[in-house]
Amino acid sequence: MRGLAMPVPHANATDAPTRILLVEDDAEIARMLSDVLTENGFAARSVTSGEEMDQVLERRDIDLILLDVMLPGEDGFSICRRLRTESGVPIIILTALGEDMDRIIGLEIGADDYVTKPFNSRELVARIRALLRRARIAGTVASDRLTALHFVGWRVDPVERQLYNPDGVRVTTTSAEFDLLLAFCQNPGRVLSREQLLDLTHGGLAGPIERSIDVHVSRIRQKIEPDPRDPTLIKTVRLGGYIFTPGVEAS
């Protein structure tokens, strides 16, 4: 695995250790990845299957999951899809599949990001930190404002990082989906290009393909649009990007 053993700068010593669960059946890769994560200040734990993952998640809270696709028994795609029915925990998929379509499938079923093997440890750690930083920044800003955002009966709570439908029922979102919807709510009536949306949701981190925005928009539409096939809340602007059409109120 290219660069897996390469140490990179440690996280701030004052930061509480981030709990990362690695689901990887290759013992050598799991060992090297665990070493890299530990060297960079993360609290890493490794399991080899979806069944073992479920046992860990029942006993303790996990901040982020690194999920390999090729696993014995239930594969990573199936695990990711299942997790998304019950949890918004950030998920980064580790895959040896290099085709864009395989990466898109991972995003479509709810992964927040993906890294293709072989990869450099610096890139993996950067993606982990970027994903955690987006959630942390959003939570800090929200805590300062203590305001929820409302549109056509829906409520976006930046403090809890939760989405509620007009009946007050919580709707599960991934971290990436929530960040994207929050960006739309903070910029209603404004045409946002895919590049702008990537910057707003990924903090300028190089790597995520622009098409990932389209995938996440599609997933959000499935959850909030009256008719996802004829969207009225998030409209596509030809050669422009997207525009969030409803009025947004803060409270």
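- By the 4.0 Å N-to-carboxylate-O rule, Arg170 lies too far from Glu160 to be salt-bridged with it.
- Between Phe184 and Tyr242, the ring planes lie perpendicular to each other; the angle is over 60°, past the 30° to 60° tilted range.
- In the hydrophobic cluster analysis, where Ile, Leu, Val, Met, Phe, Trp and Tyr join through side-chain heavy atoms closer than 4.5 angstrom, Leu57 is grouped together with Val23.
- Taking 4.0 Å as the cut-off between side-chain N and carboxylate O, Arg161 and Asp157 do not count as a salt-bridged pair.
- Between the Glu74 side chain and the Ser49 main chain, no donor and acceptor come within less than 3.5 Å of each other.
- Taking the charged nitrogens against the carboxylate oxygens, Arg221 and Asp227 have no contact shorter than 4.0 Å, which rules out a salt bridge.
- Under the side-chain contact (heavy atoms from CB on, under 4.5 Å) criterion, Asn187 pairs with Arg190, Leu192, Leu200, not counting sequence neighbours.
- Hydrophobic cluster of Val191: the remaining members, joined at side-chain heavy-atom separations below 4.5 Å, are Val237, Ile243, listed by chain and number.
- Using a 4.5 Å cut-off between side-chain heavy atoms of Ile, Leu, Val, Met, Phe, Trp and Tyr, with links allowed through other members, Val248 and Leu182 fall into the same hydrophobic cluster.
- Here the side chains of Thr18 and Leu37 are not in contact, with every heavy-atom distance at 4.5 Å or above.
- Comment: Arg59 does not engage Asp54 in a salt bridge, judged by the lack of any side-chain N to carboxylate O separation of less than 4.0 angstrom.
- A donor-acceptor pair under 3.5 Å is formed between the side chain of Thr85 and the backbone N or O of Arg82.
- More than 12 heavy atoms of other residues, nucleotides or ligands sit less than 6.0 Å from atom CD of Gln55.
- Atom-to-atom distance recorded for Leu33:CG and Leu124:CG is 6.5 Å, nearest 0.5 angstrom.
- Looking at Leu71 and Ile79, their side chains come closer than 4.5 Å, going by heavy atoms from C-beta outward.
- Using a 4.5 Å heavy-atom threshold, the side chains of Trp154 and Leu163 count as touching.
- The pair Glu24-Lys117 counts as a salt bridge, with a side-chain nitrogen and a carboxylate oxygen less than 4.0 angstrom apart.
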